[in-house]
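Structure record follows, encoded as structure tokens.
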Amino acid sequence: MKTWFVYVFGRWIVLSGIAGALLQFLLSDYLGIHTIPAFLLNQFLLANVFWFIDKAIFKSHFKIPAFYPLWQIRENVRCVDCGQICEGYRVVKTKNYDRMNDPEPEFRCKTCREKKLEELRKRGVEI
């Protein structure tokens, strides 16, 4: 409830409402731009500002990662760890891990994939 209150009153009323009203006054009354074009310019400028504000709010609130790992999945491959023929997985690229040009890619089954992910995390790879 507290987060909602801060968001509604802080973001919408104070920032959008007051900033929007002040910007509308500045554009239409102070700079002499007609009402409708001033309103459209007002909305465009505020949308550009709030794009970054809302992105920061929702990124921190929902814990959205800055980078999603890129996976490669192949059918009927031999797991490099256990030898099982299965659907194979490999992490190709993350924020600080890049195997895009790996000449000999290693695919793993679901079980071995989890072990490898844990090993990569221990080495400091962000997944």
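Keep in mind that the numbers below use all heavy atoms, side chains included, and drop hydrogens, waters and symmetry copies.
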Heavy-atom neighbours of Asn48 CG exceed 12 at 6.0 Å: yes

Measure the spacing between CD of Glu75 and SG of Cys86 and express it to the nearest 0.5 Å. 9.0 Å

Does Leu45 reach the side chain of Val49, with side-chain heavy atoms less than 4.5 Å apart? no

Given Ile18 and Leu22, is the side chain to side chain contact (heavy atoms under 4.5 Å, CB included) satisfied, shown in steps? CA-CA 6 Å; Ile18 295 172; Leu22 290 174; 4.0 Å; yes

Would you say that Val91 contacts Trp71 through its side chain, given a criterion of any heavy-atom pair below 4.5 Å between the two side chains? yes

Salt-bridge criterion met for Arg108 and Glu106 (N-O under 4.0 Å): yes

Are Phe44 and Phe52 joined in one hydrophobic group, where the rule is that I, L, V, M, F, W and Y side chains link up if heavy atoms are under 4.5 Å apart? no

Under the 6.0 Å and 45° cation-pi test, does Arg113 pair with Tyr89? yes

If you define the side chain from C-beta out and look only at heavy atoms, does anything of Leu23 sit under 4.5 Å from Leu27? yes

So do Gln24 and Thr35 actually touch side chain to side chain, heavy atoms under 4.5 Å? yes

Look only at the side chain of Arg90 and the backbone of Gln72, and say whether a donor-acceptor pair between them is shorter than 3.5 Å. no

Is there a side-chain contact between Glu87 and Phe107 (heavy atoms, below 4.5 Å)? no

Walk me through it: do Thr94 and Asn96 pass the test side chain to side chain contact (heavy atoms under 4.5 Å, CB included)? CA-CA 6 Å; Thr94 69; Asn96 60 345; 3.7 Å; yes

Hey, are the side chains of Met100 and Leu70 touching, using non-hydrogen atoms and a 4.5 Å cut-off? yes

Phe50, CZ atom: more than 12 neighbouring heavy atoms under 6.0 Å: yes

Show which side-chain atoms of residues 120-127 pair as donor or acceptor with protein atoms under 3.5 Å away, not counting sequence neighbours.
residue: Arg123; atom: NH1; partner: Glu119; partner atom: OE2; Å: 3.4

Grouping I, L, V, M, F, W and Y whenever their side-chain heavy atoms are under 4.5 Å apart, do Ile36 and Leu41 come out in a common cluster? no

Counting distance only, does the side-chain N/O of Asp98 pair as donor-acceptor with the main-chain N or O of Lys93 below 3.5 Å? no

Got a second to check how far Ile85's CD1 is from Cys109's SG, nearest 0.5 Å? 11.0 Å

Transitively linked via ILVMFWY side-chain contacts under 4.5 Å: Leu117 with Ile73? yes

